Asker: 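Right, I'll just put the structure down here and ask away after.
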Amino acid sequence: MISSPRDEARGLTLVALSTIAYGVLPILGKVAYAAGVRVLPLLAWRYLIAAALIAVLERGPRPPLRERVRLWAIGSVFVFNSIAYFRALEEIPASVTALVLYTYPVIVLLLAALAGVERFTWRALLATLGAFAGCALTAGGAPAGAPLRLSGVAWALVAALVYASYIVLSSRFGSGVPARVLALHLAQAAAVICVAFALADGGLALPVDPRGLLAVAGIGVVSTVVAMTTFLAGMALIGPTRASDLSSLEVIFTLVLAFIVLGERLGPWQWAGAALILGAVAFQSFGALRRAMIGVSRATQ
């Protein structure tokens with residue numbers, strides 16, 4: 001993937017924005033659960049809101065039917081990441097859920113190399129292993145004296161595997177598709193699947209609680225529309241492996257929010273892991289950042 005310095009700078013900025021939007025997701029999820037919202041209705045409304053908003057924003061011509069079917073198929077993979085993630089969030093702390101999920105850059109690296117999307121490089125390997133090690137160090141985010149439920153950790157690992165598969169599939173089979181068009185079809189497929197699951201499991205009703213309703217709306221708008229469109233647009237410019245590495249910054253953001261909002265404490269190991277994640281991202285993106293700064297400097301002269 002060859003990008004100009006300006007495109008690289010734009011791609012890095014878009015992915016960084018998506019990390020903030022995704023970073024609030026587990027916090028809003030915990031708030032929704034506290035208000036009595038169940039997993040499947042939450043996900044159904046998340047994607048119904050997202051599909052409606054993206055459809056309003058994306059008024060251009062639709063791709064041919066064959067291409068739309070391919071994009072819907074990618075969306076049907078993506079939705080199972082969401083289901084596994086929110087199941088994990090029910091059982092283990094938000095910080096630990098986010099941290100276990102971020103084993104996925106290692107999986108993305110391997111899948112992208114196997115699929116021929118990107119070349120295998122030692123820099124990419126060291127960066128993703130560094131991010132993985134940082135996540136492992138911070139995995140002690142569970143409250144003291146309260147062991148993690150293995151089923152919750154397993155759900156988070158399933159979410160990581162499915163999310164990695166989705167990134168590689170969308171990079172390969174969604175290549176050349178505008179980010180909002182791809183996001184629209186992903187949201188549509190996810191909405192259909194989640195609505196069907198919710199109706200089979202008790203319906204779409206949400207508790208009449210302002211906190212829960214606002215949390216669901218925030219998940220739909222911020223952590224889906226904004227997060228998905230910016231990530232896909234950024235990934236198209238910098239590639240799936242670098243996008244995954246940079247997204248590891250989301251872990252730091254989630255940890256801080258979990259401490260402030262939910263009272264999940266950060267210990268020395270968490271901060272050590274955070275430093276390792278930041279170092280891995282900087283190591284992987286150093287060349288792109290340097291070229292981007294040179295390009296911006298030349299453009300302003």
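Starting from 1, each residue takes its place in the sequence as its number. Quick caveat: nothing in here was measured; it's all calculated off a predicted structure.
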Asker: Roughly how far, to the nearest 0.5 Å, is the CG atom of Asn81 from the OG atom of Ser165?
Answerer: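 Answer for the OG-CG pair, Ser165 versus Asn81, is 9.5 Å.
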
Asker: What's the shortest heavy-atom distance between Ala205 and Pro41, and which atoms?
Answerer: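 In this case the closest contact between Ala205 and Pro41 is O-CB, 4.0 Å.
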
Asker: Through direct or indirect side-chain contacts below 4.5 angstrom among Ile, Leu, Val, Met, Phe, Trp and Tyr, which residues connect to Val69?
Answerer: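 Result for Val69 is Leu65, Trp72.
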
Asker: Working to the nearest 0.5 Å, report the span between OG1 of Thr224 and CG of Leu53.
Answerer: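 Atom-to-atom, Thr224:OG1 and Leu53:CG are 10.0 Å apart.
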
Asker: Which residues pass the side chain to side chain contact (heavy atoms under 4.5 Å, CB included) test with Val158, not counting sequence neighbours?
Answerer: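 In terms of side chain to side chain contact (heavy atoms under 4.5 Å, CB included), with neighbours along the sequence ignored, Val158 is linked to Ala84, Val162.
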
Asker: For the residue pair Leu199 and Leu204, what are the closest heavy atoms and their distance?
Answerer: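 Here Leu199 and Leu204 meet closest at CD2-CG, 4.0 Å.
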
Asker: Please tabulate, one pair per line, all N/O donor-acceptor pairs under 3.5 Å involving side-chain atoms of residues 231-240, not counting sequence neighbours.
Answerer:
none

Asker: Measure the CG-OG1 distance between Leu17 and Thr19 for me, rounded to the nearest 0.5 Å.
Answerer: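 Taking CG in Leu17 and OG1 in Thr19, the distance rounds to 7.5 Å.
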
Asker: According to the ring-ring contact (aromatic ring centres under 6.0 Å, His included) rule, which pairs have a member within residues 20-58, sequence neighbours left out?
Answerer: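 Passing the test, one end in residues 20-58: no pairs.
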
Asker: List the residues meeting ring pair (Phe, Tyr, Trp, His ring centres under 6.0 Å) with Tyr166, not counting sequence neighbours, and say none if there are none.
Answerer: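 Testing Tyr166 for ring pair (Phe, Tyr, Trp, His ring centres under 6.0 Å), a comparison that skips the adjacent residues, returns Phe78, Tyr163.
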
Asker: Hydrophobic clusters here meaning ILVMFWY residues chained together by side-chain heavy-atom distances under 4.5 Å, can you tell me if Val15 and Phe253 are in one?
Answerer: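 Same hydrophobic cluster.
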
Asker: Does Val222 share a hydrophobic cluster with Ile20, counting links as ILVMFWY side-chain heavy atoms below 4.5 Å and allowing steps through other members?
Answerer: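 Both belong to a single hydrophobic cluster.
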
Asker: Rounded to the nearest 0.5 Å, how far does CE of Met228 lie from CG of Leu182?
Answerer: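 The distance works out to 8.5 Å.
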
Asker: How would you list, by chain and number, every residue that makes a salt bridge (charged side-chain N to carboxylate O under 4.0 Å, His left out) with Arg180, sequence neighbours excluded?
Answerer: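 Expected list: Glu58.
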
Asker: Can you pull the salt bridge (Lys or Arg N to Asp or Glu O under 4.0 Å) pairs that have at least one residue in residues 158-170, sequence neighbours excluded?
Answerer: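 Qualifying pairs, neighbours excluded: none.
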
Asker: Checking Ala94 now: which residues fulfil side chain to side chain contact (heavy atoms under 4.5 Å, CB included) with it, not counting sequence neighbours?
Answerer: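 If we apply the side chain to side chain contact (heavy atoms under 4.5 Å, CB included) test to Ala94, skipping adjacent residues, the hits are Pro26, Ile27, Lys30, Leu89, Leu262, Glu264.
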
Asker: Quick check: closest heavy atoms across Ala50 and Val225, and the distance to 0.1 Å?
Answerer: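 Looking at all heavy atoms of both residues, the shortest contact is CA-CG2, 3.6 Å.
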
Asker: Which Ile, Leu, Val, Met, Phe, Trp or Tyr residues join Val31 in one cluster when any pair of side-chain heavy atoms under 4.5 Å counts as a link?
Answerer: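 Result for Val31 is none, singleton.
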
Asker: Looking at side-chain heavy atoms only, is the closest gap between Leu186 and Leu71 below 4.5 Å?
Answerer: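 In short, these two side chains do not touch, never coming nearer than 4.5 Å.
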
Asker: Answer whether the closest heavy-atom distance between the side chains of Ile219 and Leu25 falls below 4.5 Å.
Answerer: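 A side-chain contact under 4.5 Å exists here.
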
Asker: Looking only at heavy atoms, what is the nearest atom pair of Cys194 and Val79, with distance?
Answerer: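 That closest heavy-atom pairing would be SG-CG2, 3.3 Å.
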
Asker: Does any part of the side chain of Leu101, heavy atoms only, come nearer than 4.5 Å to the side chain of Thr97, both counted from C-beta?
Answerer: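 They are not in side-chain contact.
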
Asker: Would you call Ser223 and Leu28 a side-chain contact if the rule is heavy atoms closer than 4.5 Å?
Answerer: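 The answer is yes; the side chains approach within 4.5 Å.
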
Asker: Hey, quick one: are Leu214 and Leu206 part of the same hydrophobic cluster, counting side-chain heavy atoms closer than 4.5 Å, chains of contacts allowed?
Answerer: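 Leu214 does not cluster with Leu206.
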
Asker: Can you list every pair that meets salt bridge (Lys or Arg N to Asp or Glu O under 4.0 Å) and has a residue in residues 31-53, with sequence neighbours left out?
Answerer: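 Listed by first then second residue: Arg38-Asp201.
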
Asker: Grouping I, L, V, M, F, W and Y whenever their side-chain heavy atoms are under 4.5 Å apart, do Val77 and Val181 come out in a common cluster?
Answerer: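 Linked within one cluster.
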
Asker: Looking at every heavy atom in both Ala88 and Ala156, which two are closest together, and how far apart are they?
Answerer: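 So the minimum-distance heavy-atom pair works out to CB-N, 3.6 Å.
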
Asker: Name all residues meeting the salt bridge (charged side-chain N to carboxylate O under 4.0 Å, His left out) criterion together with Arg211; count only those two or more places apart in sequence or in a different chain, and write none if there are none.
Answerer: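 So Arg211 forms a salt bridge (charged side-chain N to carboxylate O under 4.0 Å, His left out) with Asp209.
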
Asker: Considering only heavy atoms from C-beta outward, does the side chain of Ile74 approach that of His185 to under 4.5 Å?
Answerer: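 Counting from C-beta outward, Ile74 and His185 never come under 4.5 Å.
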
Asker: First locate atom CG of Leu184, then atom CZ of Arg68, and finally report the distance between them rounded to the nearest 0.5 Å.
Answerer: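 If I round to the nearest 0.5 Å, the distance is 7.0 Å.
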
Asker: On a heavy-atom basis, which atom in Val226 and which in Ala21 lie closest, and how many Å separate them?
Answerer: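 In terms of heavy atoms, the two residues are closest at CG1-CB, 4.1 Å.
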
Asker: Using the test salt bridge (charged side-chain N to carboxylate O under 4.0 Å, His left out), find all partners of Arg10 that sit at least two apart in sequence or belong to another chain.
Answerer: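 With neighbours one apart ignored, the set is empty.
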
Asker: Does Val39 share a hydrophobic cluster with Trp155, counting links as ILVMFWY side-chain heavy atoms below 4.5 Å and allowing steps through other members?
Answerer: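 Val39 and Trp155: separate clusters.
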
